[in-house]
Amino acid sequence: MPASKLVLIDGNSILYRAFFALPPLTARDGTPTNAVYGFTTMILRLLSDEKPTHLAVAFDKSKTTFRHADFAAYKGTRQETPDELVQQFPLARRTLEALSIPMIEIDQYEADDVIGTIAKRAAESGFDVRVVSGDKDLLQLVDNRIHVLLTRKGITEMEHFDEQAVARRYPGLRPAQVIDLKGLMGDPSDNIPGVPGVGEKTALKLLSAFGSVEGVYHHLDEVQGQKLRERLEQHREDAFLSKRLATIACDAPIDVDLEALRYEGPDPARAIAWFRELDFRSLVDKISEEMSHDSTPPASPAASNGAAADWDAFTYDVIEDAGAWQEAISAFSEPVGVMMDLADPDYHRADIRGMAVATPKRAYYVRFGERLELSDVRPWLVSDRPKVAFDLKSMAFALDAHGIGLTSQCGWHDAKLAAYLLNPQDGDVELDQVFARERGQELPAIKEGEREKWLVYTASQLPPLFESLAYTIRSQEMEQLYQEVELPLAFVLAKMEITGFYVNREKLIAFGQELAERIERITQEIYDLAGTSFNLNSPKQLGEILFDKLGLPAMKKTKTGYSTSADVLEKLAPMHEIVQKILDYRLLAKLQSTYVEGLLKVIRKETGRVHTRFHQTLTATGRLSSSEPNLQNIPIRLEEGRRLRQVFEPTYKDWVIFAADYSQIELRILAHLSGDEALIDAFRRDMDIHTRTAADVFEVPPEQVTSLQRRQAKAVNFGIVYGISDFGLAQNLNIPQKEAKRFIESYFEKFPGVKRYMDEIVKQARERGYVTTLMNRRRYLPDIHSRNYQLRSFAERTAMNTPIQGSAADLIKLAMVRIDRAMRDAQMDARMLLQVHDELIFECPKDELAALEVLVRDNMENAMTLSVPLKVDTAYGPTWYDAK
DNA sequence: AACTTCACG
DNA sequence: ACGTACGTGAAGTTT
């Protein structure tokens with residue numbers, strides 16, 4: 001049994017040291033945080049290095065202490081504490097609260113005295129004691145059980161002093177003599193006088209000869225040097241006063257039970273939430289990481305709130321009949337974690353074997369079979385009893401196959417959605433990553449034969465996980481976004497995935513055959529022109545043919561060789577017949593491999609439909625993405641590709657495909673966010689925005705805008721939304737960079753509000769470390785402070801783009817939730833099929849078309865009230881192609 | 001697994 | 001002097 005180890009920290013001293021040692025640092029609201037940051041990193045370092053069993057931080061309580069009664073000028077030369085530091089003391093206290101570290105302070109005593117008193121008492125009780133400070137005075141406390149750690153240059157580096165180390169630092173000095181040393185030398189920083197003319201060297205010599213201040217004066221006549229003797233004589237009072245002032249009171253009236261200082265580790269959720277508030281991003285990661293590695297007691301992080309149950313000791317009951325099920329659920333009052341036991345990791349083809357239902361207190365595995373069917377648990381699953389899942393959409397999908405339709409009324413929460421809102425830049429994260437990051441908890445690996453136990457254990461941990469996440473969601477004002485948008489949307493998306501989109505397989509195959517013939521023909525033509533056959537799909541081989549064999553000029557290089565991208569080939573097209581054919585080949589090959597073959601692979605035999613997956617927790621901006629197949633990038637720009645849309649048909653004869661898309665949604669949002677008068681005016685007048693932009697930028701009447709000018713203005717508008725650069729615009733328009741620069745300057749002159757907004761949002765990103773959307777969706781931009789130009793510029797463009805792109809995502813998501821609800825209320829048969837960022841696709845019986853049009857338009861246009869109107873265009877037809 | 005290219009908003 | 005447009009997914013080649 002190792003001895004108990006008490007670490008005592010001199011809070012004031014460490015905060016001062018950190019404040020002066022670290023460069024200015026602020027939280028998003030401008031509050032200075034550098035001292036707290038240093039203080040916190042130092043404490044975290046101590047926790048991992050020293051592994052204390054007991055811990056406390058001492059603070060000075062009041063400005064005056066018993067020492068001022070003795071000597072009014074004590075610490076009289078101290079500069080006023082800078083305001084930036086004063087502000088950080090309350091933050092430091094809150095930090096300690098968040099880390100569950102006790103604080104101690106006693107009226108009329110300094111932190112030193114508190115530390116000295118407790119240190120001595122603890123040492124007597126057999127503790128190993130470590131005192132942490134930046135103040136050398138504390139060295140007087142050193143003995144064989146008490147060691148002192150003094151900060152060195154930085155803040156986390158510590159010098160460890162035991163008795164030998166003190167003697168090395170002050171040759172021949174015993175710790176108890178530190179006060180005598182101070183008595184003779186004085187200490188300008190505390191305005192302790194000492195004996196003038198006596199410095200460290202002299203004082204040490206005197207003390208090695210006479211042992212103490214008292215000894216020195218007792219043997220004053222033996223002191224070498226007349227001048228020194230005179231000075232000592234003259235300042236006898238000062239010497240004794242100085243020694244008294246330097247002496248730490250180890251008998252302060254403190255009523256502290258040492259056991260109350262026992263340290264069980266912080267509650268990671270609390271710590272992380274607080275560090276987030278302070279914008280200590282690196283510490284959020286660090287604490288998650290450290291805690292996930294450090295699961296051994298006594299520093300078990302979550303032991304204090306009983307959150308992290310012990311895996312080895314974890315037990316659960318198995319429920320196999322309806323009676324046991326009823327009994328189990330009737331006893332739950334708090335939120336229950338639920339994990340479905342799917343037979344296949346792919347939720348689109350998964351069968352439900354069982355279900356884990358658990359809280360940290362009671363845990364069950366529900367096994368479905370003859371005595372208990374899924375339908376028996378249906379009432380509970382759809383009830384409003386609070387339940388926490390991880391990835392509700394997949395659960396809703398799987399349950400639908402059993403006739404159980406979850407809705408937003410069913411009392412569910414989704415920890416995955418909450419985690420995504422807090423850290424969208426992490427992408428689609430798995431359960432274990434969320435536990436590690438949010439709770440500092442390492443989930444056990446799923447071992448052979450322990451699958452059920454793993455599911456039940458994990459389910460039991462979901463409620464506390466969600467509680468942490470929800471706390472932070474609320475503190476970041478994203479509750480509405482979570483409650484009213486993302487959570488209900490999960491059910492809408494599940495339904496859309498379940499519905500799927502009917503694909504006419506015969507048409508698709510016929511289209512593929514047509515493509516195959518054309519590809520065959522064009523391939524032969526290219527080989528003839530090249531004089532050799534090669535792999536047309538290989539940019540490397542193609543580059544050799546074009547640039548080496550045919551001697552065409554290489555315009556651009558990639559990491560690995562010549563670039564053969566479309567924009568390069570387009571420039572080369574006039575120079576050789578082969579180039580256009582290669583472009584044509586690429587177009588056809590893309591359609592064939594990605595769309596015809598790709599789509600054929602994912603048509604479900606049973607339904608004749610494709611069931612895309614919408615990823616709700618993936619993009620950094622809040623958009624959805626779509627995969628297997630991706631139905632958000634079906635060709636439209638070129639007629640050749642657009643024809644693919646003819647294979648997407650309604651499920652039933654006499655139904656139609658109905659499409660509704662927002663007109664210029666991103667520029668309208670920019671108008672709203674920036675408040676730019678010209679832009680707002682343009683939208684209020686419902687003008688063609690690109691023509692209006694061209695008229696302003698090129699200073700011609702709108703009627704006289706040429707098609708080239710409009711095209712260029714359109715590119716400028718895109719550039720603005722993306723976070724413009726002259727280089728990017730030049731590249732896009734294939735014009736000189738200088739000219740692009742003139743366009744941009746001219747744009748900002750005509751739309752000064754946009755310029756102001758762009759400057760402001762970048763500034764805000766720098767100050768807060770993140771940007772937000774209309775619904776408070778947040779994206780962190782750590783690179784905004786990078787010294788690397790490229791990274792910093794990228795972060796700045798992202799700062800400009802994300803509020804626009806993300807707000808558009810908020811808007812259409814909100815519209816989807818409302819449309820779904822309205823369609824259900826109206827008991828429509830029509831179904832929402834797809835979302836493509838600014839448009840929604842439905843299939844609809846012809847006789848519902850008029851009602852659907854009104855319902856959809858109304859909900860899309862009025863999803864939010866902005867300073868410009870929102871405009872929606874609609875269309876319908878027998879196939880997706882015709883809904884234009 | 002990384003790279004290139006290209007489809008969409 | 002630097003070297004980019006914002007957000008995605010899929011296919012094919014090369015390493």
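Computed from a prediction, not measured in an experiment: that's the story for all the values here. Letters A, B, ... are given to chains in the order of the sequence lines, protein chains preceding strands, and every chain is numbered from 1.
Taking the C1' atom of each, B/dC8 and C/dG3 are spaced 26 Å apart, rounded to whole Å. Atom C1' of B/dC6 sits at a distance of 28 Å from the matching atom of C/dC2, rounded to the whole Å.
Atom CZ of A/R505 has 12 or fewer heavy atoms from other residues, nucleotides or ligands within 6.0 Å. Within a 6.0 Å radius of OH in A/Y876, other residues, nucleotides and ligands contribute 12 heavy atoms or fewer.
Side-chain contact check for A/S627 and A/H615: at least one donor-acceptor pair (N or O, by modelled atom type) lies under 3.5 Å. Counted by atom type alone, A/R779 and A/T802 present one or more donor-acceptor pairs between their side chains at under 3.5 Å. Checking A/T879 against A/Q646 by side-chain atom types alone, no donor-acceptor pair falls below 3.5 Å. Under 3.5 Å, the side chains of A/Q835 and A/Q632 contain a donor-acceptor pair of N or O atoms. No side-chain donor-acceptor contact under 3.5 Å links A/N788 and A/S786. Defined by atom type and a distance below 3.5 Å, a donor-acceptor pair is missing between the side-chain atoms of A/S563 and A/T558.
A/K559 comes within 4.0 angstrom of sugar-phosphate atoms only, judged by non-hydrogen atoms across all strands, and of no base. Counting any heavy atom pair closer than 4.0 Å across all strands shown, A/L618 reaches sugar-phosphate atoms only and no base atom. Residue contacts shown for A/A809 are absent, as no nucleic acid heavy atom lies under 4.0 Å away. Within the nucleic acid shown, A/N633 comes within 4.0 Å of at least one base atom, counting heavy atoms only. Contacts of A/A620 with the nucleic acid, taken as non-hydrogen atoms under 4.0 Å apart, involve only primed sugar atoms and P, OP1 or OP2.
With sequence neighbours excluded, no residue satisfies ring-ring contact (aromatic ring centres under 6.0 Å, His included) with A/Y881. Qualifying side chain to side chain donor-acceptor pair (under 3.5 Å) partners for A/K590, counting only residues two or more places apart in sequence or in other chains: none.
For the contact set between residues 739-759 of chain A and DNA chain C, defined by any heavy atom under 4.0 Å, there are no members. Within residues 485-493 of chain A, no residue has any heavy atom closer than 4.0 Å to DNA chain C. Near DNA chain B, defined here as any heavy-atom distance below 4.0 Å, the residues from residues 574-589 of chain A are A/R586, A/L587, listed numerically. Listed by residue number, the members of residues 508-543 of chain A with any heavy atom below 4.0 angstrom from DNA chain C are A/N535, A/N537, A/S538, A/Q541.
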Atom pairs and distances, side-chain donor-acceptor, residues 530-549 of chain A, under 3.5 Å, sequence neighbours left out:
from, atom 1, to, atom 2, distance (Å)
A/N535, OD1, A/N537, N, 2.8
A/N537, OD1, A/Y585, OH, 3.0
A/S538, OG, A/K540, N, 3.3
A/S538, OG, A/Q541, N, 3.0
A/Q541, OE1, A/N535, N, 2.8
A/D548, OD1, A/Y562, OH, 2.8
A/K549, NZ, A/A530, O, 2.5

Would you mind writing out the side-chain donor-acceptor pairs for residues 725-732 of chain A within the sub-3.5 Å range, not counting sequence neighbours?
from, atom 1, to, atom 2, distance (Å)
A/S725, OG, A/G728, N, 3.0
A/D726, OD1, A/Q737, NE2, 3.4

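Between the A/D428 side chain and the A/L618 main chain, no donor and acceptor come within less than 3.5 Å of each other.
If you measure from atom CD of A/Q425 to atom C1' of C/dT8, you get 17 Å, rounded to the nearest angstrom. Computed from coordinates, the A/E628 CD to C/dT8 C1' distance equals 15 Å when rounded to whole Å. Rounded to an integer number of Å, the gap from CD of A/Q632 to C1' of C/dA10 is 14 Å.
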Salt bridge (charged side-chain N to carboxylate O under 4.0 Å, His left out), that's the test. Do A/K871 and A/D686 meet it? Break it down for me.
CA-CA 9 Å; A/K871 186 179 172 190; A/D686 196 21; 3.6 Å; yes

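Counting heavy atoms from C-beta outward, A/D676 and A/R756 have side chains that stay 4.5 Å or more apart. In this structure the side chain of A/I603 never reaches within 4.5 angstrom of the side chain of A/R609, judged on heavy atoms. A/F842 has its side chain out of reach of A/I657: every pair of non-hydrogen atoms, C-beta onward, lies at least 4.5 Å apart. Between A/L508 and A/L644 there is a side-chain heavy-atom pair separated by less than 4.5 Å.
In DNA chain C, runs of at least 3 consecutive Watson-Crick or G-U pairs, each pair with both distances below 3.5 Å, span B:1-9 with C:6-14.
A/R613 forms a cation-pi arrangement with A/Y347, by the criterion of a distance under 6.0 Å to the ring centre and an angle within 45° of the ring axis.
Nearest heavy atoms, A/T499 versus A/H611: O-CE1, 3.6 Å.
With a cutoff of under 4.0 Å to any heavy atom of chain A, the contacted region of DNA chain B is bounded 5' to 3' by B/dC3 to B/dG9.
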Readout for nucleotides 1-6 of chain C: B = base within 4.0 Å of protein heavy atom, S = sugar-phosphate only, - = neither; 5' to 3' it is -BBBBB

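Sorted by first then second residue, the side-chain hydrogen bond (donor to acceptor under 3.5 Å, both in side chains) pairs that include residues 660-673 of chain A, not counting sequence neighbours, are A/Q664-A/H690, A/H672-A/S867.
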